[in-house]
Structure formats: structure tokens, C-alpha cells
Amino acid sequence: MNTQSELKRLGLFDARVPRYTSYPTAPHFAPGVGAETFTSWIEAIPAKASISLYIHVPFCRRLCWFCACRTQGTSSDAPVIAYAEMLAAEIELLRRHLAPGVTLSRLHWGGGTPTLLMPDLMRNLADQVFDVVPLAEGGEFSVEIDPNEIDAARLDALAAAGMNRASIGVQDFDPEIQKTIGREQSYELTKQVADMIRDRGIKSLNADILYGLPHQTNDRIADSVGKLLTLSPDRVALYGYAHVPWMSRRQQLIPSDKIPTPEARLDLFETARKMFVDDGYAEVGIDHFARPADGLAIAQDKGALRRNFQGYTDDTATALIGLGASSISRFPQGFAQNASATAAHTKAIKEGRFSIHRGHVFGGDDLLRARIIEALMCDFHVSRPELLHDFNADPEVLEEMFQNAVAQFGDMLHLDAEGLSIPPRARPLTRLIARAFDAYDHAKAQHSAAV
């Protein structure tokens, strides 16, 4: 049986599995975690510790049809200005509960479209953050940039504020595909923005590109990847488009009959993957690529690669605090998520409290399973000695977990005294293999995005 037939037999082309940017995944969060718990977790962060901060800006000038993120359209600056005022109040609320001397290892602005903010709002927001939590030496300040919603004045403001990594959404450069997914963005404009970013001394550039889009063929994705390579991004995320029109109403505008088959999706991924590797990028995890000098590639070489809500990261901070509507925070004690609706989140902040409405407190074998899943997603290998030492795992229980996975995936896994490994030919199955260790996903298919 050839590899593709074996992948099909094991369910790769039929399964819907989480991306495992957390464990348990967000659909399993529950209302038991609220503002009081969240506040206590912040207050437990030691003085002079290093944390990460994520700020969510949910607004877009236009709503791209392919996107399933929590966003809202606006043609006016008024709601953006009001939201920036709310963020300032939320940052002050954070100050009240944070120990002295805490610094930032990472600051990331995502969305939505954070570059929708006017230059003065950008400067003010950065100043407000750094006044409460300064950026540590060697810290990283990254911003998601929409080439259709950026100009020289806003890039000047971001550069002056200390942005040292920019992330550009590309998706695909083919005009027909762009029109079909509601995201028209020319290569020429994207290159102009990339050049403007680098002209301001911002040396680190990320790019996102999608496979599995409607009308996408191997020739078309090869053309798009070739154009992207001319921009020489330091790292690339090659994400699979998840077509979930029953979850994201705007995706109903995308013709389902033009979506590539699961088998074609794998071919599209392989076409793009080979082009990145041939151009000198290191493969990072299941869907990222990085120049050898980039932090992700270095972290992978050192066995220090990690996974969070932004995907793969080299950040080692134990606490990530999310500000803004729908943002998720992670602490050593568990997860907490802000109210998803902007109005509900804003109301809570104005009342002087965090808007946390659900989350998860770690218990049982959560941390053990979380580490197994993260190790599989990052390294394709789970170290038995590490789990026994760091998590005081019961050897018999751990062996049973490993054996159950081997029983399901056979020779697509390698098990020995050192641990469990996924060989290269089986790496398309990584998320399915990770799901074998997910104690919350009993149905093995619910509450998840498409492969």
C-alpha cells in the first residue's frame, strides 16, 4: 500500500481535527472561570517575571470571505477610537493587579486589522502598554499588517513605537482566487508594503499563505509561492484553508464545489512545501517554514519550539495575557477567555472588571497530555524520560497511552525506550495522532476545523 493510500485508510482525508494551539482546545472551555479567577492568576505572576501580551483588534474595513476569525466590519473610525479608549482602560486595569518589574518577552497585535488604527492611536496604545509592562531586552513586538490597510504614516508610527517584526497576510496572489475569497491584494502592492517595512529598519518579516482555496491548482500555488519567495520573508505559515460555512456565515459566499478535494489539498501542500525547502527554509512543525537564522528555526534545533494561539513560537514565557474582545489568556493554572462580543467586553471594562466569561482550570492529567500533544506538533517526538521526570507520569499509564496510539496508527508511529516518534512519511497525520491523546475530544470530530 502506498503512502497516500495508507493516509486515506487512517482517515486523513475524512477527519476534522483541531489545530491544537491549546489543550484542551477552546470549544471545551466552560463558564467556571471568571474575572475573579483571572485576577488571581495575574496576581500570582512573580515580580520581575517575563510575560507575553496579545492585543486583539476585531475591526476590518472589509470582511474577507475566507476568514473565520472573530471580526466586525466598520466604515467609520468612531468604533475604532472608542475601542482604543477601552483598551487603555483595560491596560490600566491590568496594572492594578500586576506585580512590579514584570516585562514583556512578546507583544503581538492581531485581529481583525490592527493597522486600521490611526497613527496617533497606534503610538498611544504602544506607550500605554510599555508604561505598564516594558519590552524586555531582546523582546519582540509584532503586528499583523494588511497591505490594503497601511500607509507610510502608520508604518512610521509602528516603527517609532518599537515594532521589530511584521506579519503580512498573503493568502494567494492569483486574481481569480482572490476575487472568489473576497481578498483582492496584488503582488505589486504586497511587495511595496514589504519594501516599506524593511526601509524602516524592521528586519523580521512573516507571511501567511493558504492552500486548499477554491480554484487553487498546483500550478497556481506554485506561482503564488514563487512570488512570495521574491519578498524573502523570514518565516512563512502555510495554513490549510478550513471551509466551515456552517460556522462562518461569510464563507457561504465561497462556492463549495470549487474547493479542492482532500487528496488535492495534500498535493497543494506538498508543492508549496518543496518550494520553501528548496529555497533554503527549514521546516518548522507541520506548517511553518523559517530561514535558518530565524528564531523559530533556532528554537526547533534546540528543542525549545512551543505552540500557542498564534501558532508556533519561540517564546518561553509561562503566562500569555490576552486583551481585547474574545482574547484568550494562558497561565500555569489554566485558560481564560474574554467576552467575545465587543459590547459585552467593553461594558465589563467600563465597570472596572475583566470580561472573562469562560475558561479552563488545569486538573488531572491535563498538563501531561498538553505536553504530549505540543511535543508531537512541534518535534514529532515525545520523550518518555522527559514526561517521567517533569510530570511524574506513571510509567504504566504512559505506556498504555503510547500503546493505544500505536494500535490506532501502526507503523506510522515508532515506539521505543526513548519515546514515541512520527516518521516523516506519517507527518501529514500529526494532528490526528495528537488527537489520540486528547481526553476531551470523545467524539473525535466535534468542535473542530477542517483538516
Side-chain angles (χ1 to χ4, degrees), residues 4 7-8 10-22 25-27 58 60 62-73 110-113 144 146 169-185 207-225 228 236-273 286-288 309-311 326 340 377 428-432 434-435 441 443-451:
Q4 188 169 104
L7 296 175
K8 182 177 182 179
L10 292 169
L12 177 65
F13 302 135
D14 303 315
R16 297 186 181 278
V17 291
R19 298 188 186 278
Y20 287 114
T21 53
S22 71
T25 56
C60 296
R62 51 173 189 168
L63 295 177
C64 302
W65 303 340
F66 72 89
C67 180
C69 296
R70 185 84 189 192
T71 59
Q72 57 194 85
T113 309
E144 294 174 13
D146 179 353
V170 171
Q171 322 321 336
D172 193 284
F173 284 121
D174 185 272
E176 181 182 19
I177 293 173
Q178 289 185 353
K179 187 173 182 180
T180 304
I181 65 174
R183 173 67 175 248
E184 297 186 50
Q185 174 185 317
D208 296 345
I209 190 167
L210 295 176
Y211 69 93
L213 292 170
H215 301 295
Q216 211 171 40
T217 63
N218 286 339
D219 287 343
R220 283 182 167 184
I221 199 169
D223 182 68
S224 289
V225 171
L228 179 58
V236 177
L238 175 62
Y239 291 128
Y241 166 61
H243 190 58
V244 287
W246 57 90
M247 292 173 56
S248 178
R249 292 182 62 185
R250 71 188 77 164
Q251 288 190 357
Q252 294 174 11
L253 298 169
I254 295 176
S256 297
D257 61 344
K258 302 302 180 183
I259 303 293
T261 65
E263 290 83 355
R265 283 170 61 92
L266 183 60
D267 287 341
L268 291 166
F269 176 84
E270 278 298 306
T271 296
R273 184 192 70 81
I286 64 170
D287 54 15
H288 280 52
F309 295 106
Q310 280 78 60
S326 79
S340 296
M377 296 290 292
L429 292 166
T430 299
R431 285 162 58 194
L432 277 79
R435 191 178 64 180
D441 196 0
K444 303 298 184 188
Q446 292 182 327
H447 308 300
S448 55
V451 167

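Since the model is a prediction, treat every value here as computed from it, not as a measurement.
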Output the distance between atom [atom1] ([X]) and atom [atom2] ([Y]), rounded to the nearest 0.5 Å.
X      : Y      : atom1 : atom2 : value
Leu7   : Glu263 : CG    : CD    : 10.5 Å
Glu176 : Gln216 : CD    : CD    : 11.5 Å
Leu228 : Asp223 : CG    : CG    : 11.5 Å

Mind checking what makes side-chain contact (heavy atoms from CB on, under 4.5 Å) contact with [X], not counting sequence neighbours?
X      : answer
Asp208 : Ser167, Ala237, Tyr239
Leu63  : Cys60, Thr71, Arg250
Ser326 : His56, Arg70, Gln337, Ser340
Gln178 : Phe173, Glu184, Gln185

> Heavy-atom distance under 4.5 Å between the side chains of Asp172 and Ile209, does that happen here?
Replying inline: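 Answer no - side chains too far apart.
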> Would you say Ile286 and Arg19 make side-chain contact, with heavy atoms under 4.5 Å?
Replying inline: no
> Quick one: ring-ring contact (aromatic ring centres under 6.0 Å, His included) partners of Tyr20, sequence neighbours excluded?
Replying inline: none
Measure across [X] and [Y] and return the closest heavy-atom pair with its distance rounded to 0.1 Å.
X      : Y      : value
Trp65  : Thr180 : CE3-O, 3.2 Å
Glu144 : Gly111 : OE1-N, 3.3 Å
Tyr241 : Phe66  : CE1-O, 3.5 Å

> What residues form a salt bridge (charged side-chain N to carboxylate O under 4.0 Å, His left out) with Arg62, not counting sequence neighbours?
Replying inline: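 Expected list: Asp146.
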>> Is it the case that the side chain of Arg265 and the backbone of Ile259 share a donor-acceptor pair, with hydrogens and angles ignored and the cut-off at 3.5 Å?
In response: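 No, Arg265 side chain to Ile259 backbone: no donor-acceptor pair under 3.5 Å.
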>> Could you check whether any side-chain N or O of Gln251 sits under 3.5 Å from a backbone N or O of Ala242, counting only pairs where one atom can act as donor and the other as acceptor?
In response: yes
